[in-house]
Amino acid sequence: MSDEEDEWAAEKRRALKNEHRIAHQMGRTAEEILSAFHPLKEELPRWAGKGARRNPDLSVDPVSGWAFPEVPGGGLGDPVGNIYDHLE
């Protein structure tokens with residue numbers, strides 16, 4: 001496993017899904033977090049197919065800010081951006 005894969009694995013383990021928990025960990029409001037989700041979600045793939053989520057949820061590592069989409073079949077995909085880039 002490469003160093004980059006190890007880094008993503010650690011960040012995925014820290015990632016939180018609930019915007020209130022993310023906000024608390026980052027010292028922000030839930031509204032700020034939800035607002036920052038919008039531009040990140042524009043980068044998400046829209047999976048087609050029976051039972052696939054067409055608008056997947058995001059999980060965010062509150063330490064690094066990297067956002068990961070939930071992928072079909074479970075788990076988290078590659079990062080789609082950094083939430084800190086979208087917070088004022």
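In this text, all values refer to a predicted model and were calculated from it rather than measured experimentally. Side-chain atoms are counted along with the backbone in the values below, which use heavy atoms only and exclude waters and symmetry mates.
- A donor-acceptor contact shorter than 3.5 Å is absent between the side chain of K12 and the backbone of F68.
- Residues satisfying the salt bridge (Lys or Arg N to Asp or Glu O under 4.0 Å) criterion with R14, sequence neighbours excluded, are E11, D61.
- One N or O on the side chain of N82 and one on the backbone of S64 form a donor-acceptor pair closer than 3.5 Å.
- Hydrophobic clustering, with ILVMFWY side chains joined whenever heavy atoms are under 4.5 angstrom apart, keeps I22 apart from V63.
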Taking it one step at a time, do L87 and M26 satisfy side-chain contact (heavy atoms from CB on, under 4.5 Å)? CA-CA 11 Å; L87 292 170; M26 296 177 78; 4.0 Å; yes

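- Side chains of D78 and W66 form no contact here, defined as non-hydrogen atoms less than 4.5 Å apart.
- The local environment of NE2 in H86 is crowded, with over 12 non-hydrogen atoms from other residues, nucleotides or ligands closer than 6.0 Å.
- Although no hydrogens or angles enter the test, the distance criterion places a donor-acceptor pair under 3.5 Å between the side chain of E32 and the main chain of T29.
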Using the rule given for side-chain contact (heavy atoms from CB on, under 4.5 Å), can you reason through E31 versus E19, listing the C-alpha separation, both sets of side-chain angles and the distance that settles it, and then say yes or no? CA-CA 8 Å; E31 291 77 21; E19 66 270 10; over 6 Å; no

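- Of all the heavy atoms in R28 and E88, the pair that sits closest is NH1-O, 2.8 Å.
- Nearest heavy-atom pair, S59 versus A15, reported as atom, atom and distance to 0.1 Å: CB-CB, 3.8 Å.
- With rounding to the nearest 0.5 angstrom, the CG atom of L58 is 5.5 Å from the NZ atom of K41.
- In summary, of the residues considered (L16, I83, V60), a side-chain contact (heavy atoms from CB on, under 4.5 Å) with I33 occurs for I83 alone.
- By the criterion of side-chain heavy atoms lying less than 4.5 angstrom apart, applied directly or through intervening Ile, Leu, Val, Met, Phe, Trp or Tyr residues, L34 is grouped together with V80 in one hydrophobic cluster.
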